[in-house]
Structure formats: C-alpha cells, structure tokens
Amino acid sequence: MPNEYRLKRRVQFYETDMAGIVHFSCYFRYLEEAEHAMWREAGVSIAGGNGIGWPRTAASFEFHRPLKFEEEFEVHLRIVGKDARSIRYEGVVTSGGTRIATGTLVVKCVSKRPGEPMRGIDIPPDIDALFQVAPGLKQGDRSSD
C-alpha cells in the first residue's frame, strides 16, 4: 500500500522561461506526475474509467529557490490526509538536498457519467484499500517535511 512516492527527473527546456528558470506552473505538473506514478506503483491508473474521476479541488505551492534547465531534482509526494471522498497529498521538491518548493494537492472522488454533472462519491473500497496516510501522520495532520 503506497503512501509516498519519490520521482526523480531533470528539468526540460520547455519547462523554463527565457531566463532558464522553471515556470511556476510546472511544479503542479511535477506533483501530478508523482501522483500518477504512485497510482501505477499500486497497480491502478488514476484514469481507470468506471465512471469515476479525480478532479483537483485544491492546490498550492510555496517557492524557496529556483530550478534551472537541466538541473536534476526529486519530488517526494506523500499522502497526508484521507477521508471517505478525498485524498490530500503534500509534495516537497528538492535538488541536491536543497528544498526548492513545497506544495499540497487535494483530489476528490467523483462520479462521471455522460450527460450528468459530476458529483462527489465515496472512494471505492478497492481503491481506498490501496492508499493510506503516511506513517507518523494522523488523519488531518500536516507534515513538517
């Protein structure tokens, strides 16, 4: 049962601005990329179908230092909260042991049916069993990582 995931990668040119610094919007993609890899590691796809979706209901980042073109970095994503209908992640982006950015992401389980509006539903038991809050954290706690 994964409760955290570490994604290692390198900054690509298209992710940077004219100064060679990663554009702020890319950090949200980095968190999402780590989230999708975590789900694949658990043996499922976040886009698994079955009329279920996982829209983002909250996302935030704080930036501490810039990342630049070709710099290697790591995203440490972990589950810091979960209830019947949502999962809350926290991510820390580091490069060479230096904290670059910290962020949070909340996803909600919804029913997606053609011709109907999305509506919140409980996380299906088979998916719920796959993901747990990271050790040392209680439901609703925030990490100090």
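Residue numbers run from 1 in the order of the sequence given.
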Decide whether Y5 and E41 meet the rule of one side-chain donor and one side-chain acceptor closer than 3.5 Å.
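Y5 vs E41: no donor-acceptor pair found between side chains.
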
Using only heavy-atom distances, determine whether the side chains of T94 and H76 contain a donor-acceptor pair under 3.5 Å.
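Side chains of T94 and H76: no pair found under 3.5 Å.
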
Taking I21 as the starting point, is it possible to reach V93 by hopping between hydrophobic residues whose side chains are less than 4.5 Å apart?
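No.
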
Determine the minimum heavy-atom distance between [X] and [Y], stating which atoms define it.
X	Y	result
L31	G91	CD1-CA, 3.6 Å
Q132	A129	NE2-O, 3.5 Å
Q12	R9	CG-NH2, 4.3 Å
S95	L67	CB-CD2, 4.0 Å
V106	S86	CG1-CB, 4.3 Å
L77	M38	O-CE, 3.9 Å

Less than 4.5 Å apart, side chain to side chain, heavy atoms only: is that true for [X] and [Y]?
X	Y	value
V75	E33	no
V92	R99	yes
E70	V11	no

Short side-chain to backbone donor-acceptor contact, [X] and [Y], under 3.5 Å:
X	Y	answer
N50	I52	no
R10	K8	no
D128	F131	no
T16	F13	yes

Interatomic distance, [X] atom [atom1] to [Y] atom [atom2] [nearest 0.5 angstrom]:
X	Y	atom1	atom2	value
E4	E90	CD	CD	11.5 Å
F61	L105	CZ	CG	8.5 Å
E74	I100	CD	CD1	11.5 Å
E32	I46	CD	CD1	7.5 Å

Do you know which of F73, Y30, F69 makes side-chain contact (heavy atoms from CB on, under 4.5 Å) with V22?
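One option only clears the test, and that one is Y30.
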
Got a list of side-chain donor-acceptor pairs under 3.5 Å for residues 108-120, not counting sequence neighbours?
| from | atom 1 | to | atom 2 | distance (Å) |
| --- | --- | --- | --- | --- |
| S111 | OG | R113 | NE | 3.3 |

Worked verdict on I123 versus I87 for side chain to side chain contact (heavy atoms under 4.5 Å, CB included):
CA-CA 9 Å; I123 298 171; I87 300 172; 4.0 Å; yes

Test salt bridge (Lys or Arg N to Asp or Glu O under 4.0 Å) on R29 and E15 and set out the steps.
CA-CA 10 Å; R29 292 184 196 125; E15 297 170 324; over 6 Å; no

